[in-house]
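The structure appears right after this line, and notes come after that.
For clarity, every value in this text was computed on a predicted model and none was experimentally measured.
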Amino acid sequence: MQAFTKEMITDALDARDFKYFEDAEGDIGGNFQGNLIYFFRIGQQQEVLQVRTMVQHMFGMDDVARLYEFCNSWNHDQLFPKAYVHVNDDGTVLVVGEVIADWERGVTPEQLDQVMIAAIATSVQLSNEVLELRQLG
């Protein structure tokens, strides 16, 4: 076990040859099948990994009720990512997925890789189901 670091995130992404970027705030993100996925370190000692996915499919305000229904159903049936509805200032609406892992006592590179790859895969699955919902209109 070792302390959870930003370098562990980039090492895990590098080991799988995933492309990623670091934004102006130092946050790490990548584009996974059209979905923006961020890997944040949060918590008092930045010991918590938050994998946050902004699903690429946009909706309007008229879709909010069915998106809430979709997210409630998803969260009932799926372990992760937890899904929620986000309304942007411009009135566009999207579904966001979130996976949290707390490593206050440390993490191995293998544990981190397992959570990250599961978070990415299930986030893409969430996006695919949101696309189906969008196509049903």
Q) Considering all heavy atoms of both residues, which atom of Gly34 and which atom of Gln56 are nearest to each other, and what is their separation? A) O-CB, 3.1 Å
**Q.** Test side chain to side chain contact (heavy atoms under 4.5 Å, CB included) applied to Glu104 - qualifying residues, sequence neighbours left out
**A.** Glu47, Asp102
Q | For Gln33, all residues meeting side chain to side chain contact (heavy atoms under 4.5 Å, CB included), sequence neighbours excluded | A | Asn35, Val124
**Q.** Sequence neighbours excluded, every pair satisfying salt bridge (charged side-chain N to carboxylate O under 4.0 Å, His left out) that has a member inside residues 18-37
**A.** Lys6-Glu22
Q | Gap between atom SG of Cys71 and atom NE2 of His76 - 0.5 Å precision | A | 14.5 Å
Q: Output all residues satisfying ring pair (Phe, Tyr, Trp, His ring centres under 6.0 Å) with Phe39, sequence neighbours left out; order by chain, then residue number.
A: none
Q | Close side-chain approach of Val93 and Met61, heavy atoms under 4.5 Å | A | yes
**Q.** Pairs meeting criterion side chain to side chain donor-acceptor pair (under 3.5 Å) with involvement of residues 90-99, two or more places apart
**A.** Gln50-Glu98, Asn88-Thr92, Asp90-Thr92
Q) How long is the span from the CZ atom in Phe80 to the OG atom in Ser123, to the nearest 0.5 Å? A) 8.5 Å
Q. For the hydrophobic clusters of this structure (ILVMFWY residues joined by side-chain heavy atoms under 4.5 Å, transitively), does one cluster hold both Val99 and Val95?
A. no
Q | For the student: nearest non-hydrogen atoms of Gly97 and Leu126, plus distance | A | CA-CD2, 3.9 Å
**Q.** Pair Phe4-Gln46, side chain to side chain contact (heavy atoms under 4.5 Å, CB included): steps then yes or no
**A.** CA-CA 8 Å; Phe4 176 50; Gln46 295 191 321; over 6 Å; no
Q) Pairs in or reaching into residues 68-86: which pass salt bridge (charged side-chain N to carboxylate O under 4.0 Å, His left out), with residues at least two apart or in two chains? A) none
Q.
Quick check: do Leu133 and Arg66 have side-chain heavy atoms less than 4.5 Å from each other?
A. yes
**Q.** Closest heavy-atom pair and its distance - Met8, Ala3
**A.** SD-O, 3.3 Å
Q: Quick one: list whatever passes ring pair (Phe, Tyr, Trp, His ring centres under 6.0 Å) with Trp74, sequence neighbours left out.
A: none
Q: Report yes or no: does Ser73 contribute a side-chain atom to a donor-acceptor pair with the main-chain N or O of Phe70 at less than 3.5 Å?
A: no
**Q.** For Gln111, side chain to side chain donor-acceptor pair (under 3.5 Å) partners two or more places apart
**A.** Thr108
Q. Would you call Pro109 and Gln2 a side-chain contact if the rule is heavy atoms closer than 4.5 Å?
A. yes
Q) Phe59: what forms a ring pair (Phe, Tyr, Trp, His ring centres under 6.0 Å) with it, not counting sequence neighbours? A) none
List, one per line, each side-chain donor-acceptor pair under 3.5 Å for residues 112-121, sequence neighbours excluded.
from	atom 1	to	atom 2	distance (Å)
Asp113	OD1	Arg16	NE	2.8
Asp113	OD2	Arg16	NH2	2.9

Q | Tyr68: partners by side chain to side chain donor-acceptor pair (under 3.5 Å), with sequence neighbours left out | A | none
Q) Remaining members of Tyr84's ILVMFWY cluster at a side-chain heavy-atom cut-off under 4.5 Å? A) Phe21, Leu36, Tyr38, Phe40, Ile42, Val48, Met54, Met58, Leu94, Val96, Ile100
Q. When rounded to the nearest 0.5 angstrom, what distance separates CD1 in Ile37 from CD1 in Ile28?
A. 13.5 Å
